[in-house]
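Keep in mind it's a predicted model, so treat the numbers as computed, not measured.
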Amino acid sequence: GKPTEADIQQSRELLDQALEERPNLLSAYYALAAVYRVQSNLTDSASQFEKIVKLQPKQVAPRMLLGITYEGMGNTKGAMEQYSQILKLEPRFAPAANNLAWLLAESGGDLNEALRLAKIAKEELPRESSVTDTLGWVYFKQGSFQAALPVITEAVALEKAASPDQLNPEILFHLGAVKQRLGDKEGASAAFEQALSASGNSDSLRSRIEAVKNEATEERSNVTPANS
């Protein structure tokens with residue numbers, strides 16, 4: 001059934017406690033943002049966090065929650081601004097470094113800066129599958145497919161170890177995309193099938209898979225042999 005106010009309050013307290021003990025715990029920020037969302041909509045959540053950020057501009061957690069909420073609203077610029085501000089306060093704060101690296105890679109931003117940030121996040125959170133995946137995906141966006149493959153393969157292994165029954169379809173999609181670009185069609189198909197299964201056969205994911213396959217085909221048709 002629907003969680004009661006008491007359930008939600010208890011969840012918030014537990015997550016607050018988890019973040020006090022481990023401020024680097026990326027998943028706890030997402031969980032806490034989701035808990036706030038249950039209590040109010042995204043716009044109200046953002047307003048709440050904006051007020052806290054104004055009152056406590058040097059506190060990292062409210063900015064992190066505001067950045068995640070902005071992402072949920074599709075406000076990429078606002079999210080990037082919050083993560084940048086956090087990194088001015090704490091240059092090696094992995095959750096912000098990871099999220100900013102991801103947004104730079106996805107929005108056509110500075111990929112060298114994305115790589116620098118993704119490496120910091122990976123050094124700080126070496127066992128976090130989503131952080132490892134971000135690093136691999138930045139390599140992919142740079143066209144460094146050989147560098148991307150072992151990193152994203154590691155991300156999948158970390159994901160399977162952490163939550164074998166609920167794999168992240170995004171990471172499996174990334175593995176398929178890298179294999180597709182490296183010409184391993186069989187390996188790519190297997191990863192894409194796993195991604196679709198994990199996503200409950202999402203139509204939007206299916207469209208993205210088709211787009212990656214088409215890109216790889218176009219890329220190969222544009223490559224002419226050196227000694228033709």
Indicate yes or no for a side-chain donor-acceptor contact from [X] to the backbone of [Y] under 3.5 Å, with no hydrogens or angles considered.
X	Y	answer
Ser84	Met80	yes
Ser199	Ser202	yes
Thr132	Glu128	yes
Lys160	Pro164	no
Glu159	Asn168	yes

Identify the two heavy atoms, one from [X] and one from [Y], that lie closest to each other, and give their separation to 0.1 Å.
X	Y	result
Ile120	Ala97	CG2-CB, 4.4 Å
Pro126	Glu154	O-OE2, 4.1 Å
Phe145	Leu182	CB-CD2, 3.6 Å
Pro57	Arg63	O-NE, 3.1 Å
Thr76	Leu103	CG2-CD2, 4.1 Å

Assess the residue pair Arg208 and Glu170 against the criterion (side-chain contact (heavy atoms from CB on, under 4.5 Å)); give the C-alpha distance rounded to whole Å, side-chain angles, the decisive distance to 0.1 Å, and a yes or no.
CA-CA 11 Å; Arg208 289 168 68 206; Glu170 193 69 20; 2.7 Å; yes
Rounded to the nearest 0.5 Å, how far does [atom2] of [Y] lie from [atom1] of [X]?
X	Y	atom1	atom2	value
Leu158	Arg127	CG	CZ	5.0 Å
Ser47	Leu66	OG	CG	9.5 Å
Leu115	Gln142	CG	CD	5.0 Å

In terms of hydrophobic clusters joined by side-chain contacts under 4.5 Å, are [X] and [Y] together?
X	Y	result
Tyr139	Leu100	no
Leu135	Leu104	no
Leu87	Leu111	no

Are the side chains of Gln85 and Glu81 in touch, meaning some heavy atoms are under 4.5 Å apart?
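The answer is yes, as the side chains (C-beta and beyond) meet within the 4.5 Å cut-off.
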Hey, are the side chains of Met64 and Phe93 touching, using non-hydrogen atoms and a 4.5 Å cut-off?
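Side chain of Met64 against side chain of Phe93, heavy atoms only: contact under 4.5 Å found.
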Go through it in stages, so that I can follow the logic: the residues are Ile68 and Tyr83, the test is side-chain contact (heavy atoms from CB on, under 4.5 Å), and I'd like the CA-CA distance, side-chain angles, deciding distance and then a yes or no.
CA-CA 9 Å; Ile68 289 168; Tyr83 300 143; 3.6 Å; yes
Going by an N to O cut-off under 4.0 Å, is there a salt bridge joining Lys141 and Glu106?
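Salt bridge present between Lys141 and Glu106.
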Determine the interplanar angle of the Trp137 and His174 rings, folded into 0 to 90°, and report it as parallel if under 30°, tilted if 30 to 60°, perpendicular if over 60°.
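Trp137 and His174: parallel rings.
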